[in-house]
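First the structure, in the form of structure tokens, and then the observations on it.
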There are 2 protein chains.
Amino acid sequence: MAAPDPYERPHRPGGADADTPDDRRGAIRLAALRLFAGQGYRATTMADIGAAVGMRGPSLYKHVASKQELLAEIMISTMERLIEASQEATAGADDVREQLRRAVEAHVRYHARYGLEAFVGNREIGNLEQPNRDRVLRRRGEYERGFRRLIERGLAKGVFDVRSARLASYSILDMGIGVAAWFREGGEFSADQLAYQYGDLALRMVTATAPASRPSSG
Amino acid sequence: MAAPDPYERPHRPGGADADTPDDRRGAIRLAALRLFAGQGYRATTMADIGAAVGMRGPSLYKHVASKQELLAEIMISTMERLIEASQEATAGADDVREQLRRAVEAHVRYHARYGLEAFVGNREIGNLEQPNRDRVLRRRGEYERGFRRLIERGLAKGVFDVRSARLASYSILDMGIGVAAWFREGGEFSADQLAYQYGDLALRMVTATAPASRPSSG
DNA sequence: GCCAGCGGCTAATGATGATTAGCCATCACA
DNA sequence: TGTGATGGCTAATCATCATTAGCCGCTGGC
């Protein structure tokens with residue numbers, strides 16, 4: 001309904017001049033993503049995906065190796081991008097509070113903007129075959145650990161105050177992940193507004209004393 | 001590995017004397033639950049479920065009408081129980097903070113104790129056929145609304161302070177739901193401890209001034 | 001005007017899997 | 001001892017799909 005989605009940085013080793021070949025593949029990926037998100041990987045047939053891009057199921061094999069490959073590409077690139085966004089976000093900050101705020105904002109913004117990917121990524125891990133499943137799970141573990149360590153650093157400095165950094169990190173991650181399930185562009189909040197507010201909520205959560213929340217009511 | 005699970009209150013209209021009939025059905029439901037949670041509804045075959053209770057796939061039809069019925073029973077009873085637990089929890093409190101604390105604790109305790117059900121309930125909605133799907137979604141909507149109203153009440157009384165009751169309620173619900181994905185009995189925290197700590201986190205989230213968190217460090 | 005190969009199509013192929021049919025042992029009980 | 005229900009089993013049935021085979025038109029370079 002509303003998602004131009006600039007997936008995929010083009011990867012043309014030879015340097016093709018037209019954009020048709022990658023376009024087709026990108027369209028298929030996008031259709032697969034939407035269908036996987038809407039009906040689930042197993043419930044989506046190659047014929048469904050084909051119909052979404054104007055061809056028959058078997059024709060898809062001229063562009064992709066298998067249905068599984070489509071899922072793998074979606075899940076792996078999603079995870080990579082999430083981690084990348086998080087690292088970029090926290091890079092320029094040395095204050096722990098600021099780091100957490102930025103990490104949360106990136107996390108939420110990601111789950112708002114790439115809701116479909118995130119949704120599929122969270123639901124279909126079990127349908128990803130090895131070794132990709134483990135690869136994704138490992139990356140995800142790293143990502144979680146990053147949040148936890150950030151909170152632990154804050155605890156060590158006395159800036160944060162929670163009983164368990166693990167629970168706090170899980171909570172923050174899960175509330176962000178939840179965003180993917182309901183956020184739609186054009187709703188009450190933009191992705192950025194959402195990110196900011198979730199940043200507030202997260203900071204409150206890990207802070208014993210009142211955080212500096214702007215008093216403005218809008 | 002470790003879940004006796006007293007599902008189902010027995011419903012014997014006639015008043016059978018043995019427990020075998022209900023037992024069998026309960027065992028099947030439990031096996032289905034575990035398999036649905038582990039591999040997903042669509043990836044689970046009737047043969048799988050049968051094997052888990054020591055019979056062949058087709059024999060299951062002597063006890064249940066269909067695979068879909070199993071899913072429906074799981075999802076509907078889960079939702080009912082969750083709502084029930086929530087209502088019982090908040091019943092005896094008139095302080096808004098206390099109500100929220102109890103609601104969150106019930107929510108988290110539920111997702112810790114009935115993690116499999118909750119997990120399946122959240123992931124397999126799309127595989128539930130109508131009209132059950134809408135029924136479950138409606139119930140879930142009511143449940144969410146209950147939390148939101150609770151927060152709005154707190155806002156109105158000036159006890160809580162958040163920009164958006166909706167976002168706060170989503171956050172709280174989602175962090176609790178996330179518990180279902182990782183909590184295991186026998187880990188670092190018991191379900192009750194977890195519930196208590198999440199209650200703290202949630203209260204901090206909706207409160208501008210520092211909540212009364214016990215100073216003890218352990 | 002030819003030809004390779006790209007990208008579509010239809011028709012297999014081969015699994016897999018829910019559900020049904022029909023058979024049979026057991027058992028409570030008259 | 002007979003009998004009907006109960007609950008299991010194997011062997012269909014009938015769909016649904018992913019994937020493969022093999023066909024063919026178009027197009028771009030020659």
Check your understanding: Using a cut-off of 4.0 Å between protein heavy atoms and nucleotide atoms, how would you tag nucleotides 9-25 of chain D 5' to 3' with B, S and -?
Key -> BBB-----SSBB-----
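With Leu33(A) as the fixed residue, the side chain to side chain contact (heavy atoms under 4.5 Å, CB included) test singles out one of Leu71(A), Val120(A), Ile28(A): Val120(A).
Counted by atom type alone, Gln68(A) and Tyr41(A) present one or more donor-acceptor pairs between their side chains at under 3.5 Å. Looking only at atom types and distance, the side chain of His107(A) has no donor-acceptor partner in the side chain of Tyr198(A) under 3.5 Å away.
For the pair Arg97(A) and Phe160(A), the cation-pi test (distance below 6.0 Å, angle within 45°) is failed.
When all heavy atoms of Leu35(A) and Thr44(A) are compared, the closest pair comes out as O-OG1, 3.3 Å.
Distance alone, capped at 3.5 Å, places no donor-acceptor pair between the Arg56(A) side chain and the Gly50(A) backbone.
In this structure, Arg24(B) does not reach the dT6(D) phosphate: none of its side-chain N or O atoms is under 4.0 Å from OP1 or OP2. Dashed line: the shortest gap from a side-chain N or O of His63(B) to OP1 or OP2 of dG8(D) is under 4.0 Å.
The separation between Asp23(A) atom CG and dG7(C) atom C1' is 15 Å, rounded to whole Å. Rounded to a whole Å, the CZ atom of Arg25(B) is 15 Å from the C1' atom of dT6(D).
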